[in-house]
Number of protein chains: 2
Amino acid sequence: MSDTPSAATRAPAPGRAAFDRDEQRRRKREAVLRVAASAFNRRGFANTSMDDVASVLGVSKPTLYQYFKSKQELLYACHQVAMDNGEAGLALAAAHDGTGLEKLIIYLRRYMEGIFGDLGNCPVLTDVDSLAPEDRANVVARRKRISAATKELIALGVADGSIGPCDPKLASLFALGVVNWIPAWYRDSGPNTPEEIMESFAALLISGLAAPASPKPTRKRAKSQA
Amino acid sequence: MSDTPSAATRAPAPGRAAFDRDEQRRRKREAVLRVAASAFNRRGFANTSMDDVASVLGVSKPTLYQYFKSKQELLYACHQVAMDNGEAGLALAAAHDGTGLEKLIIYLRRYMEGIFGDLGNCPVLTDVDSLAPEDRANVVARRKRISAATKELIALGVADGSIGPCDPKLASLFALGVVNWIPAWYRDSGPNTPEEIMESFAALLISGLAAPASPKPTRKRAKSQA
DNA sequence: AGCTAGCCTGACTCATCAGTAAATATAACT
DNA sequence: AGTTATATTTACTGATGAGTCAGGCTAGCT
């Protein structure tokens, strides 16, 4: 990694150099997180050793500890990214002026985008038990809030008539299940793009599987629209 | 060795004793599996030691090895139970004479029942990587078949008009996601019964979240499509 | 009683990692 | 050049946990 910084590190202020260093450090930290998250996702947290992560990055294990103080902190960072995505979606939904159903879909789309992103796809999500106790409490509380907000969004939709009568709690678990399970099967190399998946899932969430109208429509017209 | 040919033809006593022993053994094996599955589900496979399982049962670790040759075999058994449930559901669906949508719901209900049962709720499902290589191949292949059958069921429904136009592959992942995520949040002590959950989820799968007809619910009559 | 066979246990072995210490390389600035 | 701060490595430690072994207990048979 002979990163030639000759471009910007000429005569200028020592401040610049310090900035570059910080920037480098930030990038490296993110690289570690990205690789670790990916490995955790594929093989599971417990099945991934720090040596594994290090070897993918082409460095030695102690280097990782330069950027994360422990393996658990790495896991915690994964959780934070996922929760950030959830909260970002909620913020987007709150900002949108529309029905509860619209808000819900906006939220879930944003959340899914996060999941499809390199960093966000954490089946590690399930692995709350591997966190340090204090981190776990933190994560559980934050996820509870996100989950409650999802429920509220649905309750709102039921109230404004955009969502049919249902138990908002169960409906939120339904919706989040669909989304949270994505990392369990999605592969970059798969046949469907994230956009296709988000589109299909949003449609299925909204309208379900049942055919729109007639019970036995023999005439099958090619509907080229979703 | 010592295959007593007199077992069944002689006095009743020896046969009975042997039977009782086998029966005992079977029950104990099942108890081990149940406890292990429960522990794996709550704390994760890797976070559960054989000593943990043993102590819950009030026996010592080597005893477990009397019934399962390794921890991985225990995990494999969990997977098998889950897959048995899936296949049982598929068989039920195949036996039912109705639309593709009906078959799909019958299948998923049965599958969910398995998940709610003591033994079947395996978030361990995700942990394919902790299996022995040969077991893993087996599990992956079998799950692929189940997954393909689910897709076929949906394709059938699309063909017979009971299911709206959609990509059967994505729709199956959608449906299985909802179901497979259940173990991640369901607790016996929770407010909802398995029946309520199955009912709600089946309804949501079929009709989605959107309110049935008009934005202002007047009367749900024939829906005209634009 | 005495023998046999299966079941169970305490006390090990051995491998795998998370995390650390000390030494070495690299860059940044004077 | 020398000096300092940072980055990275090799080589360890210590803990945890899967799986084993040799002996002991108990139930059933003769």
Side-chain angles (χ1 to χ4, degrees), chain A residues 1-29 31-32 36 39-40 43-55 57-76 129-132, chain B residues 1-4 6-7 10-29 31-32 36 39-40 43-76 129-132:
Chain A
M1 333 188 155
S2 53
D3 210 53
T4 59
S6 55
T9 55
R10 287 294 296 153
R16 259 314 276 277
F19 175 77
D20 282 354
R21 269 248 265 272
D22 284 357
E23 187 61 16
Q24 290 267 328
R25 201 180 165 76
R26 204 191 54 75
R27 293 171 95 101
K28 285 183 190 173
R29 193 183 141 103
V32 170
F40 292 166
R43 308 210 302 268
F45 178 71
N47 298 323
T48 305
S49 73
M50 291 297 265
D51 278 311
D52 290 340
V53 175
S55 94
L57 286 162
V59 299
S60 67
K61 181 171 60 167
T63 299
L64 304 182
Y65 286 87
Q66 196 88 182
Y67 302 98
F68 291 90
K69 89 176 210 303
S70 70
K71 195 187 175 190
Q72 288 188 326
E73 191 183 88
L74 216 29
L75 178 61
Y76 185 47
D129 294 273
S130 298
L131 288 163
Chain B
M1 304 26 150
S2 74
D3 199 73
T4 61
S6 54
R10 273 287 180 74
R16 263 309 284 276
F19 175 77
D20 282 353
R21 270 248 266 271
D22 284 359
E23 188 60 15
Q24 290 268 328
R25 200 183 166 75
R26 206 193 54 74
R27 294 172 95 100
K28 286 182 190 173
R29 193 184 141 102
V32 170
F40 292 166
R43 309 210 302 269
F45 178 72
N47 298 324
T48 304
S49 73
M50 291 297 264
D51 279 311
D52 290 339
V53 175
S55 94
V56 171
L57 286 162
V59 299
S60 67
K61 184 171 60 167
T63 299
L64 303 182
Y65 286 88
Q66 201 91 47
Y67 303 97
F68 291 89
K69 88 176 212 303
S70 68
K71 192 186 177 192
Q72 288 187 325
E73 191 184 87
L74 215 31
L75 177 61
Y76 185 47
D129 293 272
S130 297
L131 288 164

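A note on names: the letters A, B, ... follow the listed sequences, proteins ahead of strands, and every chain is numbered from 1.
- Expressed to the nearest 0.5 Å, how far NZ of K61(B) lies from CG of D52(B) amounts to 10.5 Å.
- Comparing dT9(C), dG17(D), dT20(C) by their nearest atom to the side chain of S49(B) picks out dG17(D).
- Annotation: the span from R43(A) atom CZ to D129(B) atom CG amounts to 8.0 Å, rounded to 0.5 Å.
- If you check every strand for non-hydrogen atoms under 4.0 Å, S60(A) touches a base.
- Between T63(A) and dT8(D) there is no side-chain N or O to OP1 or OP2 distance below 4.0 Å.
- Remark: C1' of dT9(C) and CG of D51(B) are 12 Å apart, rounded to the nearest angstrom.
- Here the CG atom belonging to L64(B) is positioned 6.5 Å from the CG atom belonging to L57(B), to the nearest 0.5 angstrom.
- The shortest distance between the side-chain N/O atoms of R25(B) and the OP1/OP2 oxygens of dC7(C) is below 4.0 Å.
- Rounding to the nearest 0.5 Å gives a distance of 7.5 Å between CG of L131(B) and CZ of F45(B).
- Side-chain to base pairing of K61(B) with dG17(D): no donor and acceptor N or O lie closer than 3.5 Å to each other.
- The NZ atom of K71(A) sits 18 Å away from the P atom of dA15(D) (whole-angstrom rounding).
- When the P atom of dT16(C) is taken as reference, atom CE of M50(A) falls 19 Å away, rounded to whole Å.
- Screening R29(A), K28(A), R25(A) for a side-chain contact (heavy atoms from CB on, under 4.5 Å) with Q66(A), the sole residue that qualifies is R25(A).
- Separating the CZ atom of F68(B) from the P atom of dG19(D) is a distance of 13 Å, rounded to the nearest angstrom.
- For the pair Y65(A) OH and dG19(C) C1', the interatomic distance rounds to 5 Å; values are reported in whole Å.
- One atom, NZ of K69(A), and another, C1' of dA18(C), lie 13 Å apart when rounded to the nearest Å.
- Contact annotation: Y67(B) reaches the phosphate of dC8(C) (side-chain N/O to OP1 or OP2, under 4.0 Å).
- Put simply, K28(B) has a side-chain N or O that comes within less than 4.0 Å of OP1 or OP2 on dC8(C).
- Out of dG10(C), dG19(D), dA7(D), the shortest distance to the side chain of Q66(A) is found at dA7(D).
- Whole-Å rounding puts the L74(B) CG to dG19(D) P distance at 10 Å.
- The interatomic distance linking F45(A) (CZ) with dA18(C) (P) rounds to 8 Å, in whole Å.
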